[in-house]
Amino acid sequence: MMYEAAAGRYGSMPYPHCGRSGLRLSAVSLGLWHNFGGNDDFDRQRWIVRAAFDNGVTCFDLANNYGPPPGSAEENFGRLLARDLKPYRDEMVVCTKAGYTMWPGPYGDWGSRKYLVASLDQSLRRMGLDYVDIFYHHRPDPATPLEETMAALDYIVRSGRALYAGISNYNGERTAAAAAELRRLGTPFVIHQMRYNMLVRQPEADLLPVLEREGIGGIAFSPLAQGLLTDRYLGGALPADSRAAGKVGFLKPEHITPERLRMIEALNQVAQAGGRTLAQLALGWVRRQPSIASVLIGASRPQQVLDAVRAVEMAPLAGDEIAAVEAILASQ
(Lines give C-alpha, C1' and ligand atoms only; values in the text may rest on other atoms or scores of the structure.)
Protein backbone atom coordinates (compact mmCIF):
# COMPACT_ATOMS: atom_id res chain seq x y z
CA MET A 1 0.00 0.00 0.00
CA MET A 2 1.30 3.44 -0.94
CA TYR A 3 2.34 5.53 2.06
CA GLU A 4 0.17 8.56 2.73
CA ALA A 5 1.44 11.05 5.31
CA ALA A 6 -0.74 11.91 8.30
CA ALA A 7 -3.09 14.79 7.53
CA GLY A 8 -2.46 16.49 10.90
CA ARG A 9 1.32 16.29 10.84
CA TYR A 10 1.79 20.06 11.17
CA GLY A 11 -0.62 20.46 14.07
CA SER A 12 1.73 20.97 17.01
CA MET A 13 5.39 20.85 15.96
CA PRO A 14 7.20 24.22 16.34
CA TYR A 15 9.18 25.42 13.30
CA PRO A 16 11.68 28.05 14.51
CA HIS A 17 13.60 30.16 12.04
CA CYS A 18 17.19 29.06 11.57
CA GLY A 19 19.06 32.12 12.81
CA ARG A 20 18.11 35.22 10.83
CA SER A 21 17.44 33.21 7.66
CA GLY A 22 14.06 32.46 6.12
CA LEU A 23 14.62 28.73 6.61
CA ARG A 24 12.49 27.17 9.34
CA LEU A 25 13.41 23.82 10.84
CA SER A 26 11.26 21.36 12.72
CA ALA A 27 12.18 21.73 16.38
CA VAL A 28 13.07 18.02 16.32
CA SER A 29 15.25 16.69 13.50
CA LEU A 30 15.97 13.04 12.84
CA GLY A 31 19.60 11.97 12.44
CA LEU A 32 20.52 8.86 10.48
CA TRP A 33 23.97 8.41 12.00
CA HIS A 34 23.03 5.13 13.71
CA ASN A 35 20.45 2.44 12.85
CA PHE A 36 20.16 3.35 9.17
CA GLY A 37 23.14 1.55 7.68
CA GLY A 38 23.29 -1.40 5.35
CA ASN A 39 23.54 -3.79 8.30
CA ASP A 40 20.33 -2.51 9.91
CA ASP A 41 16.74 -3.62 9.37
CA PHE A 42 15.26 -1.62 6.49
CA ASP A 43 11.63 -2.09 7.52
CA ARG A 44 12.42 -0.67 10.95
CA GLN A 45 14.07 2.32 9.27
CA ARG A 46 10.89 2.91 7.28
CA TRP A 47 8.73 2.86 10.42
CA ILE A 48 11.02 5.33 12.20
CA VAL A 49 11.11 7.78 9.29
CA ARG A 50 7.37 7.51 8.72
CA ALA A 51 6.67 8.11 12.41
CA ALA A 52 8.90 11.18 12.30
CA PHE A 53 7.31 12.70 9.21
CA ASP A 54 3.77 11.86 10.37
CA ASN A 55 4.48 13.86 13.53
CA GLY A 56 5.87 16.99 11.95
CA VAL A 57 9.59 16.19 11.70
CA THR A 58 10.70 17.63 8.38
CA CYS A 59 14.50 17.78 8.80
CA PHE A 60 16.50 14.61 8.07
CA ASP A 61 20.23 14.66 8.70
CA LEU A 62 22.85 12.47 7.00
CA ALA A 63 26.53 12.47 6.09
CA ASN A 64 28.52 10.80 3.36
CA ASN A 65 30.12 8.33 5.79
CA TYR A 66 27.03 7.30 7.78
CA GLY A 67 26.40 3.58 7.82
CA PRO A 68 28.03 1.18 8.28
CA PRO A 69 29.27 0.65 5.65
CA PRO A 70 29.96 4.30 4.76
CA GLY A 71 27.42 5.62 2.29
CA SER A 72 24.76 3.06 3.11
CA ALA A 73 22.63 5.41 5.22
CA GLU A 74 22.30 7.73 2.22
CA GLU A 75 21.51 4.74 0.00
CA ASN A 76 18.81 3.58 2.39
CA PHE A 77 17.39 7.07 2.70
CA GLY A 78 17.25 7.21 -1.08
CA ARG A 79 15.22 3.99 -1.03
CA LEU A 80 12.90 5.50 1.59
CA LEU A 81 12.44 8.59 -0.54
CA ALA A 82 11.64 6.51 -3.61
CA ARG A 83 9.20 4.22 -1.82
CA ASP A 84 7.45 6.56 0.59
CA LEU A 85 8.46 10.21 0.61
CA LYS A 86 9.07 11.29 -2.98
CA PRO A 87 5.67 13.06 -3.22
CA TYR A 88 6.65 15.08 -0.13
CA ARG A 89 10.15 16.16 -1.17
CA ASP A 90 9.28 19.85 -1.06
CA GLU A 91 8.07 19.45 2.55
CA MET A 92 11.43 18.11 3.69
CA VAL A 93 14.82 19.54 4.61
CA VAL A 94 17.41 16.94 3.59
CA CYS A 95 20.91 17.54 4.92
CA THR A 96 24.25 15.87 4.33
CA LYS A 97 27.91 16.53 5.10
CA ALA A 98 31.48 15.75 4.13
CA GLY A 99 34.69 16.17 6.10
CA TYR A 100 35.64 12.78 7.52
CA THR A 101 37.33 9.92 5.68
CA MET A 102 35.14 8.54 2.90
CA TRP A 103 37.45 6.94 0.33
CA PRO A 104 41.18 6.13 0.17
CA GLY A 105 43.82 8.44 -1.14
CA PRO A 106 44.45 12.17 -0.71
CA TYR A 107 41.08 13.35 -2.09
CA GLY A 108 38.62 11.54 0.18
CA ASP A 109 38.91 13.44 3.46
CA TRP A 110 39.01 16.84 5.16
CA GLY A 111 38.03 20.10 3.44
CA SER A 112 39.44 20.63 -0.03
CA ARG A 113 37.25 21.86 -2.85
CA LYS A 114 37.91 18.64 -4.76
CA TYR A 115 36.74 16.44 -1.87
CA LEU A 116 33.66 18.44 -0.92
CA VAL A 117 32.26 18.78 -4.44
CA ALA A 118 33.00 15.19 -5.39
CA SER A 119 31.55 13.90 -2.15
CA LEU A 120 28.30 15.79 -2.55
CA ASP A 121 27.94 14.55 -6.12
CA GLN A 122 28.27 11.00 -4.78
CA SER A 123 25.76 11.72 -2.01
CA LEU A 124 23.21 13.04 -4.49
CA ARG A 125 23.54 9.88 -6.58
CA ARG A 126 23.12 7.65 -3.53
CA MET A 127 19.95 9.45 -2.47
CA GLY A 128 18.56 9.95 -5.96
CA LEU A 129 18.27 13.71 -5.46
CA ASP A 130 19.04 16.73 -7.61
CA TYR A 131 19.96 18.83 -4.57
CA VAL A 132 20.10 18.80 -0.79
CA ASP A 133 18.65 21.55 1.32
CA ILE A 134 21.68 21.92 3.61
CA PHE A 135 25.27 20.86 2.94
CA TYR A 136 27.75 21.01 5.81
CA HIS A 137 31.49 20.90 6.05
CA HIS A 138 31.65 18.25 8.76
CA ARG A 139 34.80 19.31 10.63
CA PRO A 140 37.50 22.00 10.38
CA ASP A 141 40.54 21.16 8.29
CA PRO A 142 43.81 22.49 9.76
CA ALA A 143 45.72 21.90 6.51
CA THR A 144 43.37 23.51 3.99
CA PRO A 145 42.87 27.29 3.92
CA LEU A 146 39.50 28.24 5.32
CA GLU A 147 39.02 30.40 2.22
CA GLU A 148 39.16 27.30 -0.02
CA THR A 149 36.67 25.36 2.05
CA MET A 150 34.23 28.28 2.19
CA ALA A 151 34.68 28.90 -1.55
CA ALA A 152 33.70 25.26 -2.11
CA LEU A 153 30.52 25.76 -0.07
CA ASP A 154 29.82 28.95 -2.03
CA TYR A 155 30.26 27.07 -5.32
CA ILE A 156 28.05 24.20 -4.14
CA VAL A 157 25.19 26.59 -3.36
CA ARG A 158 25.63 28.61 -6.56
CA SER A 159 25.73 25.42 -8.65
CA GLY A 160 22.36 24.31 -7.27
CA ARG A 161 23.69 21.25 -5.46
CA ALA A 162 22.53 22.68 -2.11
CA LEU A 163 20.20 25.48 -1.07
CA TYR A 164 22.05 26.43 2.12
CA ALA A 165 25.58 26.12 3.49
CA GLY A 166 26.57 25.12 7.00
CA ILE A 167 29.46 23.84 9.07
CA SER A 168 29.80 21.39 11.94
CA ASN A 169 32.18 20.95 14.86
CA TYR A 170 33.95 24.30 14.38
CA ASN A 171 34.88 26.33 17.46
CA GLY A 172 33.70 29.88 17.95
CA GLU A 173 36.75 31.60 16.46
CA ARG A 174 36.74 29.55 13.25
CA THR A 175 32.97 29.89 12.99
CA ALA A 176 33.28 33.67 13.06
CA ALA A 177 36.00 33.51 10.41
CA ALA A 178 33.86 31.20 8.24
CA ALA A 179 30.90 33.56 8.57
CA ALA A 180 33.03 36.52 7.48
CA GLU A 181 34.35 34.65 4.46
CA LEU A 182 30.95 33.42 3.32
CA ARG A 183 29.56 36.92 3.79
CA ARG A 184 32.35 38.24 1.55
CA LEU A 185 31.50 35.61 -1.07
CA GLY A 186 27.80 36.41 -0.89
CA THR A 187 26.52 33.02 0.23
CA PRO A 188 24.64 33.15 3.53
CA PHE A 189 25.93 30.89 6.31
CA VAL A 190 22.73 29.80 8.00
CA ILE A 191 23.48 26.85 10.30
CA HIS A 192 26.05 25.29 12.59
CA GLN A 193 25.73 21.74 13.89
CA MET A 194 27.44 21.12 17.22
CA ARG A 195 27.49 18.54 19.97
CA TYR A 196 25.67 20.12 22.89
CA ASN A 197 23.95 18.65 25.92
CA MET A 198 23.95 18.84 29.72
CA LEU A 199 27.28 17.01 29.83
CA VAL A 200 28.97 18.86 26.94
CA ARG A 201 28.64 22.56 27.65
CA GLN A 202 31.65 24.08 25.89
CA PRO A 203 29.48 25.72 23.18
CA GLU A 204 27.89 28.00 25.77
CA ALA A 205 31.03 30.05 26.31
CA ASP A 206 32.70 29.67 22.93
CA LEU A 207 30.22 29.07 20.12
CA LEU A 208 26.67 30.10 21.01
CA PRO A 209 27.54 33.81 21.46
CA VAL A 210 29.03 33.80 17.95
CA LEU A 211 25.89 32.22 16.50
CA GLU A 212 23.69 34.83 18.16
CA ARG A 213 25.89 37.70 17.04
CA GLU A 214 26.12 36.44 13.46
CA GLY A 215 22.48 35.38 13.15
CA ILE A 216 23.40 31.75 12.52
CA GLY A 217 21.05 29.00 13.61
CA GLY A 218 22.25 26.12 15.77
CA ILE A 219 21.24 22.48 15.60
CA ALA A 220 22.43 20.35 18.51
CA PHE A 221 23.45 16.75 17.94
CA SER A 222 23.67 14.22 20.78
CA PRO A 223 21.29 16.31 22.93
CA LEU A 224 20.65 13.16 24.97
CA ALA A 225 24.37 12.32 25.28
CA GLN A 226 23.98 9.16 23.19
CA GLY A 227 21.15 8.00 25.44
CA LEU A 228 22.83 8.64 28.79
CA LEU A 229 20.29 11.39 29.49
CA THR A 230 17.35 8.99 29.15
CA ASP A 231 15.85 6.34 31.39
CA ARG A 232 17.89 3.62 29.66
CA TYR A 233 20.66 3.60 32.27
CA LEU A 234 18.78 4.55 35.42
CA GLY A 235 19.65 2.22 38.27
CA GLY A 236 22.89 1.18 36.57
CA ALA A 237 21.20 -0.82 33.80
CA LEU A 238 23.13 -1.64 30.61
CA PRO A 239 20.54 -2.92 28.12
CA ALA A 240 21.93 -5.24 25.47
CA ASP A 241 20.47 -3.07 22.68
CA SER A 242 21.71 0.24 24.12
CA ARG A 243 24.34 2.55 22.62
CA ALA A 244 26.74 1.88 25.49
CA ALA A 245 26.57 -1.87 24.85
CA GLY A 246 27.16 -1.44 21.12
CA LYS A 247 30.31 -0.99 19.06
CA VAL A 248 29.65 2.43 17.55
CA GLY A 249 29.13 5.91 18.94
CA PHE A 250 30.71 7.96 21.70
CA LEU A 251 29.08 6.28 24.70
CA LYS A 252 30.99 3.36 26.23
CA PRO A 253 30.30 1.28 29.37
CA GLU A 254 33.22 2.94 31.14
CA HIS A 255 31.48 6.31 30.76
CA ILE A 256 28.61 5.16 32.97
CA THR A 257 30.38 5.82 36.24
CA PRO A 258 28.80 5.85 39.71
CA GLU A 259 29.12 9.65 39.71
CA ARG A 260 27.31 9.90 36.38
CA LEU A 261 24.60 7.55 37.60
CA ARG A 262 24.01 9.67 40.70
CA MET A 263 23.76 12.74 38.52
CA ILE A 264 21.23 11.29 36.07
CA GLU A 265 19.19 9.93 38.98
CA ALA A 266 19.05 13.45 40.43
CA LEU A 267 18.14 14.94 37.05
CA ASN A 268 15.43 12.33 36.67
CA GLN A 269 13.90 13.49 39.95
CA VAL A 270 13.76 17.06 38.59
CA ALA A 271 12.17 15.76 35.41
CA GLN A 272 9.51 13.79 37.25
CA ALA A 273 8.68 16.75 39.48
CA GLY A 274 7.94 18.75 36.33
CA GLY A 275 5.87 16.00 34.72
CA ARG A 276 8.60 15.14 32.21
CA THR A 277 10.80 12.20 31.38
CA LEU A 278 14.55 12.63 31.75
CA ALA A 279 14.90 12.79 27.97
CA GLN A 280 12.24 15.48 27.73
CA LEU A 281 14.02 17.49 30.41
CA ALA A 282 17.32 17.17 28.53
CA LEU A 283 15.77 18.29 25.23
CA GLY A 284 14.03 21.22 26.88
CA TRP A 285 17.29 22.25 28.52
CA VAL A 286 19.08 22.38 25.15
CA ARG A 287 16.21 24.21 23.47
CA ARG A 288 16.28 26.99 26.05
CA GLN A 289 19.17 28.57 24.15
CA PRO A 290 17.88 31.27 21.75
CA SER A 291 20.21 30.25 18.92
CA ILE A 292 19.18 26.57 18.93
CA ALA A 293 16.64 26.05 16.16
CA SER A 294 16.43 22.26 16.38
CA VAL A 295 17.54 19.27 18.42
CA LEU A 296 18.91 16.40 16.36
CA ILE A 297 17.94 13.02 17.76
CA GLY A 298 18.78 9.47 16.80
CA ALA A 299 16.24 6.67 17.14
CA SER A 300 16.18 2.90 17.11
CA ARG A 301 12.39 2.68 17.32
CA PRO A 302 9.44 4.96 16.51
CA GLN A 303 8.48 5.55 20.14
CA GLN A 304 11.72 7.44 20.74
CA VAL A 305 10.73 9.88 18.02
CA LEU A 306 7.29 10.33 19.52
CA ASP A 307 8.79 11.00 22.96
CA ALA A 308 11.02 13.72 21.50
CA VAL A 309 8.11 15.30 19.64
CA ARG A 310 6.15 15.36 22.89
CA ALA A 311 9.09 17.13 24.55
CA VAL A 312 8.99 20.10 22.17
CA GLU A 313 5.22 20.34 22.49
CA MET A 314 5.56 20.85 26.25
CA ALA A 315 5.87 24.22 27.92
CA PRO A 316 9.46 25.53 28.12
CA LEU A 317 11.38 24.71 31.26
CA ALA A 318 10.44 26.91 34.19
CA GLY A 319 13.03 28.97 36.02
CA ASP A 320 13.04 26.68 39.03
CA GLU A 321 13.58 23.63 36.81
CA ILE A 322 16.55 25.27 35.11
CA ALA A 323 17.99 26.31 38.50
CA ALA A 324 17.62 22.77 39.83
CA VAL A 325 19.36 21.32 36.77
CA GLU A 326 22.19 23.86 37.01
CA ALA A 327 22.73 23.02 40.66
CA ILE A 328 23.05 19.32 39.85
CA LEU A 329 25.41 19.93 36.94
CA ALA A 330 27.54 22.32 39.01
CA SER A 331 28.01 19.70 41.69
CA GLN A 332 29.72 17.26 39.32
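The first residue of the sequence shown is numbered 1, and numbering continues consecutively from there.
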Indicate whether any N or O donor in one side chain lies under 3.5 Å from an N or O acceptor in the other, for [X] and [Y].
X: Glu74; Y: Thr96; result: yes
X: Asn55; Y: Tyr10; result: no
X: Asp61; Y: Gln193; result: yes
X: Ser294; Y: Ser29; result: yes
X: Tyr196; Y: Glu204; result: yes
X: Trp285; Y: Gln280; result: no
X: Asn76; Y: Arg79; result: yes
X: Ser123; Y: Asn64; result: no
X: Asn35; Y: Ser300; result: no
X: Asn169; Y: Tyr136; result: no
X: Arg232; Y: Thr230; result: no
X: Asp41; Y: Gln45; result: no
X: Tyr170; Y: His137; result: yes

- Item | Salt bridge Glu313-Arg276, side-chain N to carboxylate O under 4.0 Å | no
- Task: Before accepting this row, confirm whether a basic side-chain N of the pair Asp154/Arg158 lies closer than 4.0 Å to the acidic partner's carboxylate O.
- Result: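 A salt bridge links Asp154 with Arg158.
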- Applying side-chain contact (heavy atoms from CB on, under 4.5 Å), run through His192 and Ile219 and close with a yes or a no. CA-CA 6 Å; His192 187 295; Ile219 180 169; over 6 Å; no
Check whether [X] and [Y] end up in the same hydrophobic cluster, where Ile, Leu, Val, Met, Phe, Trp and Tyr are linked by side-chain heavy atoms less than 4.5 Å apart.
X: Val157; Y: Leu120; answer: no
X: Val210; Y: Phe221; answer: no
X: Leu306; Y: Leu296; answer: no

- Query: Going through the distances and angles, do Arg288 and Glu326 end up as a salt bridge (charged side-chain N to carboxylate O under 4.0 Å, His left out)?
  - Reply: CA-CA 13 Å; Arg288 83 197 194 285; Glu326 292 294 333; 3.6 Å; yes
Smallest separation among heavy atoms of [X] and [Y], with atom names:
X: Gly99; Y: Arg139; answer: O-NE, 2.8 Å
X: Ile297; Y: Ala308; answer: CD1-CB, 3.7 Å
X: Asp141; Y: Gly111; answer: OD2-N, 3.0 Å
X: Arg89; Y: Val132; answer: NH2-CA, 4.0 Å
X: Ser168; Y: Pro140; answer: O-CD, 4.0 Å
X: Ala299; Y: Val305; answer: CB-CG2, 3.7 Å

- Begin with the C-alpha distance, continue with both residues' side-chain angles, and end with the deciding distance and a verdict on salt bridge (charged side-chain N to carboxylate O under 4.0 Å, His left out) for Glu214 and Arg20. CA-CA 9 Å; Glu214 297 286 347; Arg20 289 197 290 266; 5.8 Å; no
Would you check if [X] and [Y] make a side-chain contact, meaning some heavy-atom pair closer than 4.5 Å?
X: Tyr88; Y: Glu4; answer: yes
X: His17; Y: Leu23; answer: no
X: Ile292; Y: Leu208; answer: yes
X: Pro68; Y: Asn39; answer: yes
X: Thr277; Y: Gln272; answer: no
X: Asn268; Y: Leu234; answer: yes
X: Leu207; Y: Asn171; answer: no
X: Thr149; Y: Glu181; answer: no

Return yes if some donor-acceptor pair links the side-chain N/O of [X] with the main-chain N/O of [Y] below 3.5 Å, else return no.
X: Tyr115; Y: Tyr100; result: yes
X: Asp84; Y: Leu81; result: no
X: Asp206; Y: Gly172; result: yes
X: Arg9; Y: Ala6; result: yes
X: Asn197; Y: Leu224; result: no
X: Ser26; Y: Val57; result: no
X: Glu321; Y: Ala318; result: yes
X: Asp109; Y: Thr101; result: yes
X: Ser72; Y: Glu75; result: no

- Query: Yes or no on side-chain contact (heavy atoms from CB on, under 4.5 Å) for Met150 and Tyr155, after CA distance, side-chain angles and deciding distance?
  - Reply: CA-CA 9 Å; Met150 295 305 108; Tyr155 169 75; over 6 Å; no
When rounded to the nearest 0.5 angstrom, what is the spacing between [atom1] in [X] and [atom2] in [Y]?
X: Arg46; Y: Ile48; atom1: CZ; atom2: CD1; value: 13.0 Å
X: Ile167; Y: Lys97; atom1: CD1; atom2: NZ; value: 13.0 Å
X: Leu129; Y: Leu124; atom1: CG; atom2: CG; value: 6.5 Å
X: Leu163; Y: Ser21; atom1: CG; atom2: OG; value: 11.5 Å
X: Leu283; Y: Leu229; atom1: CG; atom2: CG; value: 9.0 Å
X: His138; Y: Leu116; atom1: NE2; atom2: CG; value: 12.0 Å

- Message: Determine whether Tyr3 and Asp54 satisfy the following criterion, side chain to side chain donor-acceptor pair (under 3.5 Å), listing intermediate values before the conclusion.
- Response: CA-CA 11 Å; Tyr3 166 69; Asp54 281 343; 2.6 Å; yes
- Phe60/Phe77 aromatic ring centres below 6.0 Å: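 Between Phe77 and Phe60, which both carry aromatic rings, the centre distance is below 6.0 Å.
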- Message: Tell me if the CG atom of Asp130 is crowded by more than 12 foreign heavy atoms within 6.0 Å.
- Response: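 Count not over threshold, so no.
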- Message: Is it true that, when you exclude Glu147 itself, more than 12 heavy atoms of the residues, nucleotides or ligands shown sit nearer than 6.0 Å to its CD?
- Response: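 Above 12, so yes.
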- Task: Go through the steps to decide whether Leu85 and Arg50 satisfy the test side-chain contact (heavy atoms from CB on, under 4.5 Å), and finish with yes or no.
- Result: CA-CA 9 Å; Leu85 295 171; Arg50 285 181 175 191; 6.0 Å; no
- Task: Evaluate side-chain contact (heavy atoms from CB on, under 4.5 Å) for Leu281 paired with Leu317, printing each intermediate quantity in order.
- Result: CA-CA 8 Å; Leu281 177 73; Leu317 298 189; 3.9 Å; yes
